[in-house]
Amino acid sequence: MQDLLVLKKLTKYFGGVAAAKDVDLNLKGGMRLGIIGPNGAGKTTIFNMITGEIKPSAGTIEFEGEPIHRLKPHHISKKGIGRTFQIVRVFDEIPVYDNVLIGALAKELRFKPTQEQHREVDEIIEMTGLQEYRELNAENLTVSAKKRVGLATVLVTKPKLLLLDELMAGLTFVEIDEILELLRKINGEMGITLVVVEHVMKAVMELCERIIVISSGEKIAEGPPQEVANNKKVIDVYLGEERK
Amino acid sequence: MKKSSRVMVIIMAAGMVLLGLSTAGFAASVIKIGYTAPFTGSAAEFGVNGWRGIQLALEEINKKGVMVAGKKHTIEIKRYDSICTPTDGVANVRKLAMQDKVVAILGDHCSSVCVAIAPLCDQFKIPGLTIECAADKVTKPGHEFYFRMRPSVGLMAPLFTPTIVKKFKPKSAAFLVVNDDYGLGLASAISKELDKFGVKTVLTDHFERGNTDFMVYLAKIKKAKADVAFYVGVVPEGAMILKQAREMGLTESAKLIGSEEMGEMELVSLAGAEATEGTYAVSLWGSVPGDFSKRVTKRFNAPMHYAIIFAYDALHTVTRAIELAQSLDPVKIKDAMKKVDYQGLEGHIKFEDFEGYRNQCKFVPAIIKWEGGSRVPLK
Amino acid sequence: MMLEIENINAGYGEIQIVTDVSMNIDNNEIVALVGSNGAGKSTIIKAISGMLPVSSGSIIFEGKHIENTIAHKIITNGIALVPEGRRVFPYMTVLENLELGAYIENDQKTVQENMEWVFGLFPILDERKTQLAGTFSGGEQQMLTIGRALMSKPKFLMMDEPSLGLAPVIVDEVFKIVEVLHNEGVTILLVEQNVRKSLEIANRGYVLEHGRIVLEGESKNLVEDEKVKKAYLGM
Amino acid sequence: MLSVNRIALGIILIFLLLIPHIASSYVVYVAVLAILFSMLTASYDLLTGYAGPLSFCHAAFYGFGAYTSALLTLKTGMSFWLALPISGIAVFLFGVVVGYPALRLRGHYFAVTTFFFGHFMYLVFLNARDLTRGPLGLGGIPPPDSIFGIDFSSLTANYYLILIFGILMVGFLYALVNSGYGRLIVSIRENEDLAEAVGVNTAFVKVMAFSISAGLAGITGSLFAHFFRLLHPTTFAWMTSEMIVVMALVGGIGTLVGPIIGAGVVTFILEMMRFAPELRFIIWAILLIAILIIEPRGLAGIFARIRGGI
Amino acid sequence: MEIFLLQAGNGLIIGSVYALVALGLNIIWSITDIPDFAQGSFYVIAAYVAYFAVTLAGVPFLVALVLGMCVGAIMSFSCEKFLYRRWRERTFRLAARTQLLCAIALFFLFANVANALWTSKAKIFPAYLKGSLLGFSYMRINVLLAAIILFLVVYVFINKTKPGKAIRAASMDLGMAQVLGINIDTVNSIVFIMGGALSGAAAVLVSPLYSVFPTMGDLPLLKALVVVILGGFGSVAGILICGVGLGVLEALGAIYISSAYQHGYSFVILLLMLLLRPKGLFGRV
């Protein structure tokens, strides 16, 4: 089967500094991939390159066999890549329902939203557990609910690949568990491939089938969670090198 | 619709009903005369000064009282701001005619506004008297109810151009004019007249009101080597032009001739005698009586401005017409306007129809030369 | 006790990042505050330095309540900060950056003395004092930030991720400086993700996980503790 | 609630329809100006209230539409009924040309640039004398040609014509902002990056909002030209743009109803203040600052607060 | 050629006035993110105060200049302290927009106050110096000289003094500056005082050349905004170069292209620059 997402020698320089360097990645459809690494390692840079917010300095990104690294973010979104943001972003001053509806309309613009679109929005809202907030303005919600609104808005665009940037940050353990369950459902029932950048290791370890570790812009390890967690290089990166 | 919008819609509805109830007018016990003029914006000086002139005239008139049909009346002025824009001028006139029910309207000062309100005077059948609009089309072809004391630009140019040609024998002329209808109109009228005498216009340049730096324009005139240079505009810019022209040495290479407002003492007070020395100006009106100038200074602590004279005369003219008509019917006052024969501060005021003009006074402008800060009429 | 933090809660707007955190720092200690990204280390630093308000709890510095003090007043107590991401003033020279470090000091002589002291610690700054800070490499900028913080002759120095994004050689240098400063009598709060290195030089350590202190104690004990590893790698 | 709402709307409509029969021609004239300003603020609201960017050049489009329509009828003898849509489309296209580069700028840069653009267009109106007759004013514009036997040279007929267009325009804008397109426009105001990330072509939507807003101002300009039948550049100077911004703001942008009410309120206040010419704009400026201090969201914000009980 | 030189010199002088206003605007904008339109009205009021000081009280020009600067500074300071500051809270969504609108409202307010108090009639500022050099009057040359002196003063203040360095630090990293003990309220007050004083100085300097009237601030303000954007919040020198450059370009454009659009060139230059170099000619932000 063809890989869903292929990164080849993806590189990005800011000034003279390499935020990402020669990153390779093959991602099969239906996977749950975690990207971890210390602060400033370049995870978000890689994310932003995939979603088109920044252009790579070198290297290619292929999605379903098609190069996408020259496209604008909204084109990439239309191809089937959705994302959430590190600092939670919602459409502040409008109700939750309309937030999600915008996602549906961005996918398929109708002068008057169709019954089908309304139904989809309803479904997604129910799935993300936002029923009680439907009519509330998104800005008035808790962080956890806002994050779910962000997730719902992107889910309704029916992405094939979903990039989640620190979705768990700032949530309580209970909320994290809820989100994890939701993510499994998204992956299992909807068949959406997940890529998560996460600092809450517990979540990554529980959720992901495979993990890649980035440090100083370079991929230093790849493999199943347990293997990665016991990789000496990874431990060194996280905890600092042991004094020899 | 949002909830807050709903409340607003309701309040809007209530407001409109209230507005409707409040539009009923009230009866007048005095003679009401309207005055529309720019009191704000770049032309505000005209309105402000015009209002001074009207206040002076009003004091005199009300002290004496206006006898109409054996009854003593006083005059009340309703004045509104036109900001020198036609839409506001029209709103003023409509308000004066429909709400205030004035018997006559003074104003405006700006030609663009006069052009817009002149037809309205016909429509409402209320006589209007412009204070100082100069554009030809205000009285040519003219309107039955709209009057003008001062000559239009088209009337003026043929009267003074021959004097200039005879005196200076120029071969070329340059124009520096304010970019409004007055400036452009007068410049093209003079240019046309000069053309008849074979004087070529080598340069016409425009500046905006409020401009302060004229070095560019003056440099261009100097470059064009014109024999006479006309500057058409109002005193503040004129004073600047003269000061800067002297700074540049333009006064030596070309004869500078200012438009009619440059013939006022005001110019000397602003630019100084030195800057005006040896320049010329078209002058529209005679010398102002000294005691009137003193009154202005005493009452307003302000220098003389021709808008004061014009507005003063305008109110007196209208009052004269009311007394002649012996009626407060605007149509009768209009008819009486035609009979007014009055010696105002600015000259002889008598409205006539001639050469396609209607309700227009005839003044003959003179050319004056500035010498040592005083006006010396050119023979 | 130099600094006592009692049950503080803080965060950004409605997002609470740290919950009921209590810490103590004694005179002339190096205390390491470790924990994974997003655990809330920087939030604690910001709360102490007045850049973020605390919603409850107290911060007591030398017996004086300083919680929710406006940021520019904190430094007058003798607290200085080496911020995360260096944050030098890029279009100013090294000298100007250092002078700003002593902004609260009005006595020119003291400023000069402090400057000598800093130049003694970082000779490279002396060599390049007229160069624009923005043209410096990451390591050099880090030296400058530390030097700038020292210009106010602080009793208490907070360092937020001083080794982040630096080459290993430079990292070693930074840690060496921390030790030197400690020897000069400066109390230091070290926030680091380089757990092993920071615990090595620290007297005591606190481990922060998800906005709460999960472990505290002598640093040599912490180095060996499996919980630290768990806090980082989530096992 | 909806029924109250309908009744209120009904009262407004009936009142608006009755104005020429119960009020003097002065009031009718002011009402026409108020409706024209309402149309301008409502169309302005589409850009600044719904899409977000703060613009200071709406009067430039108003003027462009007015001059286009006037010149078409004067120079080619075209019928008003053709010149109106053509000028709307022309201004729309002009909006695309201007908006595409300008909207790449963000925040204050865009605002200041539109400020200059407004002034630049004023200079064009003033100095393109061959076309606009500059400060001499463009006169002799014919009234709308009679249609269905209605003669549009009277004030009353013009009032109804402009009222109908006003209602149509507000209806159109109401439908637009509540449609799918409207939601995408709002998404840009609320979070441009997020909108782009979920697949909204933000650059395109912004330019469209800008151009539609401009085009509607152009249609308003055309109506004004054939109502007033005399055009002068000062009518479209930056002062008018400011006025539109202030009216929209006083009412509360992003609500559509707010700016319309703002236009009515400000026009009304300025008319009431005609007796004190020198103080008119001073009071007006103080009023604006007061509103900014009390509630930057304008009357709509004040009403929302009253309702919210805050 | 003579005209070219004359005009270029003239542009130089006008440009230095733009640059003076722009300098204050630039510092204010880079620290507080407010395009302070109100500076245009401080310019007007300062000119009037200086005019009355000279004509009524007969003070020497230099005293009037200082007086004008003080008036500008006080007004600017008060507007920041009592108005802009209340919207500084960064979490407040409409902060930026509200501040901009307030600035415009103030600009409008003072211009109309001047109109109401002193009418729109231009007042001619008496000449304080006679004579000329190479076709430029001494007063005209003085504008340039004074501008250069003021630029030097600001340059020295910003670069060599402690408060100046604090201002520069605050413009680069507000948060860090605060941590180092810099009081941001004080910094704001200082920059607004500077801005007002510079606007006032520019106004009083040109008043004897031109005249004093309520809308006199419009053009310098508009041009100064262009200069700030062209300069891209650059250095003091960048502002001077942009300001003078714009002045000269306009002056020459008026002669060689068309004087009708003299005040439109800045827009064309601005638009070109924004499209080609969105960060300004000397941009660093």
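Every value quoted in this text rests on a predicted model; they were computed, and no experiment measured them. Keep in mind that the numbers below use all heavy atoms, side chains included, and drop hydrogens, waters and symmetry copies. A note on names: the letters A, B, ... follow the listed sequences, proteins ahead of strands, and every chain is numbered from 1.
- No salt bridge links E/Lys162 with C/Glu99; every basic N to acidic carboxylate O contact stays at or beyond 4.0 Å.
- Within the 4.5 Å cutoff, the side chain of C/Tyr91 has heavy atoms near those of the E/Met172 side chain.
- Contact tally against chain E (heavy-atom pairs below 4.5 Å) for C/Lys73, C/Met151, C/Glu96: the top residue is C/Glu96.
- Residue C/Leu100 touches chain E through both its backbone and its side chain, counting heavy-atom pairs closer than 4.5 Å.
- Between atom CZ of residue C/Phe89 and atom CE of residue E/Met176 there is a gap of 6.0 Å, rounded to the nearest 0.5 Å.
- Interface residue C/Ala102: only backbone heavy atoms are found under 4.5 Å from chain E.
- Among the residues in residues 146-157 of chain E, none has a non-hydrogen atom closer than 4.5 angstrom to a non-hydrogen atom of chain C.
- The heavy-atom pair separating C/Tyr103 from E/Ala166 by the smallest distance is CE1-CB, 3.6 Å.
- Contacts between C/Asn77 and chain E at a heavy-atom distance below 4.5 Å are absent for every atom of the residue.
- Contact annotation for C/Met51: only side-chain heavy atoms (C-beta onward) come within less than 4.5 Å of a heavy atom of chain E.
- Rounding to the nearest 0.5 Å places CG of C/Asn97 at 10.5 Å from NZ of E/Lys165.
- Each of E/Leu180, E/Val179, E/Asn183 was compared with C/His72 under the side-chain contact (heavy atoms from CB on, under 4.5 Å) criterion, and only E/Asn183 meets it.
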